[in-house]
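Take a look at the structure set out below.
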Number of protein chains: 2
Amino acid sequence: MDYQRYATTLKAMSDPSRLQIIDMLSCGSLCACDILPHFKFSQPTLSHRMKILQEAGIISTTKKGKWHYYALNDEFISNFNQSAQTLFDDGPNCACHQGCVS
Amino acid sequence: MDYQRYATTLKAMSDPSRLQIIDMLSCGSLCACDILPHFKFSQPTLSHRMKILQEAGIISTTKKGKWHYYALNDEFISNFNQSAQTLFDDGPNCACHQGCVS
DNA sequence: TCCTTAGATAGATGAACGTCAATATAATTT
DNA sequence: AAATTATATTGACGTTCATCTATCTAAGGA
């Protein structure tokens, strides 16, 4: 499995407010102006955070008029669940397949 | 859901080598001296990383003679999977339950 | 055209993180 | 007891990260 790629995804998620944003997006898309009032940080900080989520492949942006709508990527969720399963199941990188006695 | 707690877990996981260590432990326990040769970093760095994983509740340590054995915590895996499901499913913090139109 | 609103970008600053060399501790072996 | 092996701790240093203020762009409305 691609540890680097999965680590990048996890790092983008590893923040309480980014998790809350993901939770908020789990039933539909929202624009930044809907998200911002739920948090204490500034607008540039939200913009920065959304960029992190986007670069990690977690969300996508679509533009409508002057609003930018953010939505969770479906592949993100399925990739995430699959990576978790691969990680926790016995696999080729698992210790017991490399000659170690556990 | 407890975003802070879940974020702490994800942050501890959000590193390629720590993911690889979790993968190695997914079928049994290992001591540090079994893990270290798989990586390029030094022994103190491994010790530091194991402490991060332990403080996040991901692994537990048991001492046998001069060896410290590390093992994944069962609750970690079940908590992780449950948190993921809670996050991605519609829930009370989801946008559509807070008066936003998506 | 000017003003307002939504959002992004730039640059600065302080905090957190990863790493290593050196050293400490603890168990084992000789 | 002295040497060795396994691991942890300390302290330092450089890097990355989160945040802010200020500014910029783009779209809409007066």
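Convention: sequence-line order gives letters A, B, ...; per-chain numbering from 1.
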- Query: How would nucleotides 25-30 of chain C be written as a contact map, 5' to 3', with B for base contact, S for sugar-phosphate-only contact and - for no contact, using protein heavy atoms under 4.0 Å?
  - Reply: -SSS--

- For the side chain of B:Asn73 and the backbone of B:Glu75, is there at least one donor-acceptor N/O pair under 3.5 Å apart? no

- Query: Think A:Tyr69 has a side-chain N or O under 4.0 angstrom from the OP1 or OP2 of C:dA6?
  - Reply: no

- Query: Quick one: A:Ile59 CD1 to C:dG7 P, roughly how many Å, whole number?
  - Reply: 12 Å

- Task: Might you confirm whether atom CD of A:Gln85 has over 12 heavy atoms from other residues, nucleotides or ligands at distances under 6.0 Å?
- Result: no

- Could you tell me the separation between the CZ atom of B:Phe41 and the C1' atom of C:dC20, rounded to a whole number of Å? 13 Å

- Task: Indicate, with a heavy-atom threshold strictly under 4.0 Å, whether B:Tyr70 touches base, sugar-phosphate, or nothing.
- Result: sugar-phosphate

- Query: So what does B:Ile52 touch, heavy atoms closer than 4.0 Å: a base, only the sugar-phosphate, or nothing?
  - Reply: sugar-phosphate

- Query: Parallel under 30°, tilted from 30 to 60°, perpendicular over 60°: which one fits the rings of A:Phe80 and B:Phe80?
  - Reply: parallel

- Please give, in whole Å, the distance from D:dT25 P to A:His68 NE2? 15 Å

- Task: May I have the step-by-step check of side chain to side chain contact (heavy atoms under 4.5 Å, CB included) for B:Tyr6 and B:Asn79, ending in yes or no?
- Result: CA-CA 9 Å; B:Tyr6 189 31; B:Asn79 286 345; over 6 Å; no

- Item | Verdict with supporting geometry, B:Thr45 and B:Ser42, side-chain hydrogen bond (donor to acceptor under 3.5 Å, both in side chains) | CA-CA 5 Å; B:Thr45 298; B:Ser42 65; 3.1 Å; yes

- Message: Is there a path of hydrophobic side-chain contacts, each under 4.5 Å between heavy atoms of I/L/V/M/F/W/Y residues, joining A:Ile52 to B:Leu10?
- Response: no

- Does B:Tyr3 have A:Arg18 sitting over its ring (NZ/CZ under 6.0 Å from centre, angle to axis within 45°)? no

- Between A:Gln54 and A:Ser60, is a side-chain hydrogen bond (donor to acceptor under 3.5 Å, both in side chains) present by the stated rule, with each step listed? CA-CA 6 Å; A:Gln54 188 174 348; A:Ser60 293; over 6 Å; no

- Message: Counting only heavy atoms and a strict 4.0 angstrom limit, can you tell me which residues of residues 43-51 of chain A come near DNA chain C?
- Response: A:Gln43, A:Pro44, A:Ser47, A:Lys51

- Message: Heavy-atom nearest nucleotide on DNA chain D for B:Gln54 versus A:Arg18: which residue maps closer to 5'?
- Response: B:Gln54

- Message: What is the distance, to the nearest angstrom, from the CG atom on A:Asp15 to the C1' atom on D:dC17?
- Response: 10 Å

- Task: Rounded off to whole Å, could you give me the CG-to-C1' distance for the A:Leu53 and C:dA8 pair?
- Result: 15 Å

- Going from CG on A:Asp89 to CE on A:Met1, what distance comes out if it is rounded to the nearest 0.5 angstrom? 10.5 Å

- Taking the side chain of A:Ser42 as heavy atoms from C-beta outward, which of C:dA8, C:dG18, D:dT21 is closest to it? D:dT21

- Would you mind reading off the distance between B:Lys11 atom NZ and D:dT16 atom C1', rounded to a whole angstrom? 11 Å

